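The structure under discussion appears below in the form of structure tokens.
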Amino acid sequence: MVAKYVDTFRTIAAPGEAVYTEKRSKFLAFASHASDAAEALDYIATLRKAYHDARHVCWAYTLGPSAEETRSNDDGEPSGSAGKPILGQLRSADVTYAVVAVVRYFGGVKLGTGGLAAAYKTAAAAALANAQITEQTILAQLQVFAPFADTDYCLRSARKVEAQIKSQTYTPDGSHIVFAIRESKLQTLRQILSQRHTLQLDKL
């Protein structure tokens, strides 16, 4: 069986928040979009400043179309009891380019490693449930030079695979066209256009 090509991903369109209390410890959870690691870390730093009196600000983020880049931090909690459960909820929600941070105010009663993991997991899941999730499409760009005689063929072929014209400029010899197309359909468009040897193709 041929694996299905995936050219979409889920991410956070609008942030979500939640509050969870366990044995007087309060967990404030926040989920937000992050385009890169710097944005995720800035978001965490902002929360750390806003809740400077909290004992812990634990977090995790996922980046890349397939969530291939991840990082998590326990911020002083027992190893694996905070960052890992938060990251697990990002994966369960199947979102990427996303960050979740959980601020903990200690209530005076120790929860133990298992109790902490369950609390951070619950808080992170609630924040993600309250966030607005959207699906994004991965687009590729293909630049084509078409002599005037082949411009219509080029445009008709592009429409067949739902490619969009991003720009089109003219020269004395023809048209320079930049198409935006779903990554999974790029090779199909290239194959169609390659049938006309007068066309010059260049992926951007």
Side-chain angles (χ1 to χ4, degrees), residues 1-16 30-46 59-72 87-101 127-204:
M1 180 179 292
V2 177
K4 182 180 178 181
Y5 192 100
V6 177
D7 61 1
T8 61
F9 61 87
R10 284 160 45 89
T11 191
I12 295 175
F30 304 86
S32 183
H33 178 82
S35 299
D36 52 34
E39 186 175 344
L41 294 175
D42 284 346
Y43 181 75
I44 295 161
T46 298
W59 51 268
Y61 64 68
T62 53
L63 299 171
S66 301
E68 61 269 20
E69 180 181 346
T70 65
R71 187 178 171 189
S72 62
L87 180 58
Q89 291 312 295
L90 281 164
R91 288 172 169 159
S92 293
D94 190 25
V95 292
T96 187
Y97 296 109
V99 56
V100 172
L128 286 165
N130 290 333
Q132 180 182 335
I133 307 299
T134 187
E135 186 173 85
Q136 300 287 327
T137 301
I138 303 171
L139 296 177
Q141 292 184 31
L142 182 67
Q143 179 176 260
V144 182
F145 173 74
F148 287 121
D150 293 317
T151 299
D152 284 345
Y153 169 82
C154 185
L155 296 176
R156 288 197 308 270
S157 299
R159 283 195 293 269
K160 289 179 181 179
V161 290
E162 300 176 317
Q164 299 176 350
I165 299 174
K166 189 171 183 181
S167 68
Q168 183 173 3
T169 57
Y170 299 97
T171 71
D173 300 317
S175 301
H176 283 282
I177 309 169
V178 176
F179 293 108
I181 184 171
R182 291 183 70 138
E183 186 79 41
S184 58
K185 295 183 177 181
L186 175 63
Q187 190 58 31
T188 299
L189 178 59
R190 291 185 67 94
Q191 290 174 348
I192 294 172
L193 296 180
S194 295
Q195 295 174 19
R196 293 287 179 97
H197 299 297
T198 53
L199 299 178
Q200 299 175 24
L201 313 181
D202 184 24
K203 182 180 178 182
L204 297 180

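These figures come from a predicted structure and were not determined experimentally.
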Is the NZ atom of K166 crowded by more than 12 outside heavy atoms at less than 6.0 Å?
no
Just checking E69: does its CD atom have more than 12 heavy atoms from other residues, nucleotides or ligands closer to it than 6.0 angstrom?
yes
Is any side-chain heavy atom of D202 closer than 4.5 Å to one of F145?
no
Could you tell me whether the side chain of V100 reaches within less than 4.5 Å of the side chain of F30, counting heavy atoms only?
no
Enter the distance from I181:CD1 to I138:CD1 here, rounded to the nearest 0.5 Å.
13.5 Å
Side-chain donor or acceptor of R10 paired with backbone N/O of A93 under 3.5 Å:
yes
Of all heavy-atom pairs linking A158 and L189, the shortest is CA-CD1, 3.9 Å
Can you check whether Y97's main-chain N or O pairs, donor with acceptor, with H33's side chain at less than 3.5 Å?
yes
side-chain contact (heavy atoms from CB on, under 4.5 Å) with T70: of L87, L90, T96, only one passes, and it is L87
Of all residues at least two apart in sequence or in a different chain, which pass the side-chain contact (heavy atoms from CB on, under 4.5 Å) check with Y170?
F148, Q168, S175
With rounding to the nearest 0.5 Å, note down the distance linking CD in E135 to CG in D94.
9.0 Å
Test item: T62 side-chain N/O and V95 main-chain N/O as donor-acceptor pair under 3.5 Å:
yes
Looking at V99, is its backbone amide N or carbonyl O close enough to the side chain of S32 to form a donor-acceptor pair, meaning the two atoms are under 3.5 Å apart?
no
Would you call L128 and I12 a side-chain contact if the rule is heavy atoms closer than 4.5 Å?
yes
In terms of heavy-atom contacts, Y61 and A37 come closest through OH-CB, 3.6 Å
I need the T151 OG1 to R156 CZ distance, nearest 0.5 Å.
10.5 Å
Can you confirm whether E162 is buried at CD, in the sense that more than 12 heavy atoms of other residues, nucleotides or ligands lie under 6.0 Å from that atom?
no
What heavy-atom pair brings P65 and E68 nearest, and what distance separates the two atoms?
CD-OE2, 3.5 Å
Can you name the closest pair of heavy atoms from T134 and A13 and give their distance?
CG2-CB, 3.7 Å
Here the pair of heavy atoms bringing S72 nearest to A60 is CB-CB, 3.8 Å
Would you give the length of the straight line joining atom CD of Q187 to atom CD of Q191, rounded to the nearest 0.5 angstrom?
5.0 Å
Distance from L201 atom CG to L186 atom CG, nearest 0.5 Å?
9.5 Å
Within the structure provided, determine whether L41 and R71 are in side-chain contact (heavy-atom separation under 4.5 Å).
yes
Which value, rounded to the nearest 0.5 Å, describes the distance between L199 atom CG and Y153 atom OH?
7.0 Å
